Enquirer: 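Mind looking over this structure? Questions follow.
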Number of protein chains: 2
Amino acid sequence: MIRTADKHSKILEAAIRVFSRKGFFHARISDIAKEAQVADGTIYLYFNNKYDILISLFEEEIGKIIMEVKLLLESKADDNPREMLRIFATHHLQMMDDRRELAEVLQMELRQSNKFMREYRNTKFSEYLDIISGIVRKGQELGVFRPDVLPGVFKRAFFGALDETARLWILSPDHSYSIHETAEQISAIFINGIIQPAAR
Amino acid sequence: MIRTADKHSKILEAAIRVFSRKGFFHARISDIAKEAQVADGTIYLYFNNKYDILISLFEEEIGKIIMEVKLLLESKADDNPREMLRIFATHHLQMMDDRRELAEVLQMELRQSNKFMREYRNTKFSEYLDIISGIVRKGQELGVFRPDVLPGVFKRAFFGALDETARLWILSPDHSYSIHETAEQISAIFINGIIQPAAR
DNA sequence: TAAAGCTGGCTGAATGCTCATTCATTATTC
DNA sequence: GAATAATGAATGAGCATTCAGCCAGCTTTA
């Protein structure tokens, strides 16, 4: 052992790579151990079981993403809800493209997680979605977004649109459209869809 | 043996229930067999293996959905692309709500399928998405939709929005919004987003 | 008419493989 | 020389898949 080098995150990073390659169910603990250059048993010193690795991974990574995008929104969008949607879209797609392996894991496993881990409520993910509904509410207060759009519906529609688009890239990584072009398209559709006609 | 009663579809229907309850990986062949009132071995007379059940299920069920929605579009939307989007959205959500168990399976497993069944290309699903891009192209030809919207991006965004919304219902079946209200909201956002300003 | 033989669908217990998890042992650190 | 951290072989549970045999109904034979 040369260095202790934070095994916890070393294992999580290895897990992202392995889960993205094989999917959660086909990934063996021994695969993750090998990838993290650690013994099989060591993993159990840091995590309770295989699911716990996946959940920790969600919490930590989505947590980071939330931080990033909140910072970006505060620093660049000075209270302009249209701009905020555009920034959110661009950041989401950019992140999915930069971190392909993480994106695959989130794409594939996030949906399942509620299924087989009944007790796990995925609060970080809800928090991520709530950034969108927050933007909508702000836009409605400022009178630039139509008041009849339900923020709770909009947040899912907007996230779903981005997520499904990102899925295309993951499945066939040679995108025909650029990130900015796509983020632009999607936010344009939604902004035109939600904007107050008077404000146009 | 009283009746031969089409074991193939009896097994598929059982599989939908079991997969929706436990997820593909946790579902045992013996669970499906019991649910279908059939011996474990019988399943292998109709399907090659566990994956084959899932793939057959996708193909057949998505095939039915495609048929339904195409019929509906032909009979009710007489060449009005705005109306077509509204019909597609309503039909999709209605179907996900009527067939909760199927919806769960599609939601949870469709994403994964490309992962662990590398060879399976999921052509039926593409066909379903292409209905949307077809509507967009038609709208652009007729001059009611903006020509700068990319149909290939729009189809994913629209589907993604519907799919993510449906997911909410699956996770917490006591919807706060009605199907029609939601379908209305989503298609309104997208129609406003894609419509040619002149045509407004 | 009845017994005997066939046939193809169906059965479900047995097989064999794949791991997640454990824990006695070993290495490292202070 | 404790105490702490890490190791990895052994355990045992879980389950997809197989296949030898069963059975219902039909055909042939006497």
Side-chain angles (χ1 to χ4, degrees), chain A residues 1-59 105 108-109 112-113 115-120, chain B residues 1-59 105 108-109 112-113 115-120:
Chain A
M1 195 59 32
I2 300 158
R3 303 248 18 203
T4 310
D6 195 4
K7 294 240 159 67
H8 180 88
S9 55
K10 209 171 160 198
I11 292 168
L12 278 188
E13 279 158 31
I16 292 174
R17 289 194 292 276
V18 175
F19 289 158
S20 99
R21 205 153 54 232
K22 317 185 107 179
F24 177 78
F25 283 103
H26 285 152
R28 275 166 279 165
I29 289 291
S30 60
D31 293 332
I32 299 172
K34 188 182 287 176
E35 182 82 25
Q37 290 171 294
V38 135
D40 293 18
T42 305
I43 290 181
Y44 290 87
L45 300 175
Y46 293 90
F47 301 93
N48 298 324
N49 51 48
K50 206 179 156 186
Y51 291 139
D52 190 34
I53 301 175
L54 187 61
I55 292 178
S56 305
L57 193 161
F58 286 161
E59 296 282 318
V105 178
M108 305 291 162
E109 317 297 348
Q112 298 242 332
S113 62
K115 191 84 204 159
F116 47 76
M117 300 172 288
R118 293 275 180 198
E119 76 294 353
Y120 173 53
Chain B
M1 193 60 34
I2 300 157
R3 302 250 20 204
T4 310
D6 194 3
K7 294 244 158 65
H8 180 88
S9 55
K10 208 172 161 197
I11 292 168
L12 278 188
E13 279 158 31
I16 292 174
R17 290 193 292 276
V18 175
F19 288 158
S20 98
R21 205 152 54 230
K22 315 185 112 179
F24 177 79
F25 283 103
H26 285 154
R28 276 165 279 164
I29 290 291
S30 59
D31 293 331
I32 299 173
K34 189 184 286 179
E35 182 81 25
Q37 291 171 292
V38 136
D40 294 17
T42 305
I43 289 181
Y44 289 87
L45 301 174
Y46 293 90
F47 301 93
N48 297 324
N49 51 48
K50 206 179 156 187
Y51 291 139
D52 190 34
I53 302 176
L54 188 60
I55 293 178
S56 305
L57 192 162
F58 285 160
E59 296 283 317
V105 179
M108 306 290 162
E109 317 296 349
Q112 300 241 331
S113 61
K115 188 87 204 155
F116 46 74
M117 301 173 288
R118 293 276 180 198
E119 76 294 353
Y120 173 51

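What you are looking at is a predicted structure, and each value in this text was computed from that prediction instead of being measured. Note on naming: letters A, B, ... go to the chains in the order of the sequence lines (proteins, then strands), and numbering restarts at 1 for each one. We use all heavy atoms of the structure for the numbers below, so side chains are in, but hydrogens, waters and symmetry mates are not.
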Enquirer: Return the value, rounded to whole Å, for the distance between atom CG of B:Asp40 and atom C1' of D:dA16.
Expert: 9 Å
Enquirer: Could you give the CG-to-C1' distance, from A:Leu45 to C:dT22, as a whole number of Å?
Expert: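 Rounding to the nearest Å, CG of A:Leu45 and C1' of C:dT22 are 11 Å apart.
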Enquirer: Give the rounded distance in Å between these two atoms: OH of A:Tyr51 and P of C:dC19.
Expert: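 Atom OH in A:Tyr51 sits about 14 Å away from atom P in C:dC19.
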Enquirer: For A:Arg17, does its backbone N or O pair with a side-chain atom of A:Glu35 as donor and acceptor, under 3.5 Å?
Expert: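 No; judged by distance alone, with no hydrogens or angles, the pair does not exist.
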Enquirer: Hey, does the side chain of B:Lys50 reach the backbone of B:Ala27 with a donor-acceptor pair shorter than 3.5 angstrom?
Expert: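 Side chain of B:Lys50 to backbone of B:Ala27, a donor-acceptor pair under 3.5 Å: yes, one is there.
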Enquirer: Give each protein N/O atom lying under 3.5 Å from an N/O atom of nucleotides 13-15 of chain D, with the pair distance.
Expert:
unit_1, atom_1, unit_2, atom_2, d
D:dC15, OP2, B:Arg28, NE, 3.4

Enquirer: For A:Asn49 and C:dC19, what is the distance between atoms CG and P respectively, to the nearest whole Å?
Expert: 17 Å
Enquirer: When the distance from CD1 of A:Ile43 to C1' of C:dA20 is rounded to whole Å, what number comes out?
Expert: 11 Å
Enquirer: Is the ring pair B:Tyr51/B:Phe24 parallel, tilted or perpendicular, if the boundaries are 30 and 60 degrees?
Expert: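 Correct class here is parallel.
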Enquirer: In whole angstrom, what separates A:Ile11's CD1 from D:dA5's P?
Expert: 13 Å
Enquirer: Just jot down the side-chain hydrogen bond (donor to acceptor under 3.5 Å, both in side chains) partners of B:Glu13, sequence neighbours excluded, or say none.
Expert: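 Listed in chain order: nothing, the list is empty.
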Enquirer: Measure from OH on B:Tyr46 to P on C:dG8 and round the result to the nearest Å.
Expert: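 So the two atoms are 14 Å apart, to the nearest Å.
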Enquirer: Figure out the NZ/P separation between A:Lys10 and D:dA6, and round it to whole Å.
Expert: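 The answer, rounded to whole Å, is 10 Å.
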Enquirer: What class does the angle between the rings of A:Phe47 and A:His8 fall in, given that below 30° is parallel, 30 to 60° is tilted and above 60° is perpendicular?
Expert: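 Plane angle under 30°, so parallel.
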Enquirer: Quick one: does B:Leu54's side chain get under 4.5 Å of B:Val105's, heavy atoms only?
Expert: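 With C-beta onward as the side chain, the pair touches.
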Enquirer: Please determine whether a side-chain nitrogen or oxygen atom of A:Lys7 lies at a distance below 4.0 Å from atom OP1 or OP2 of D:dA5.
Expert: no
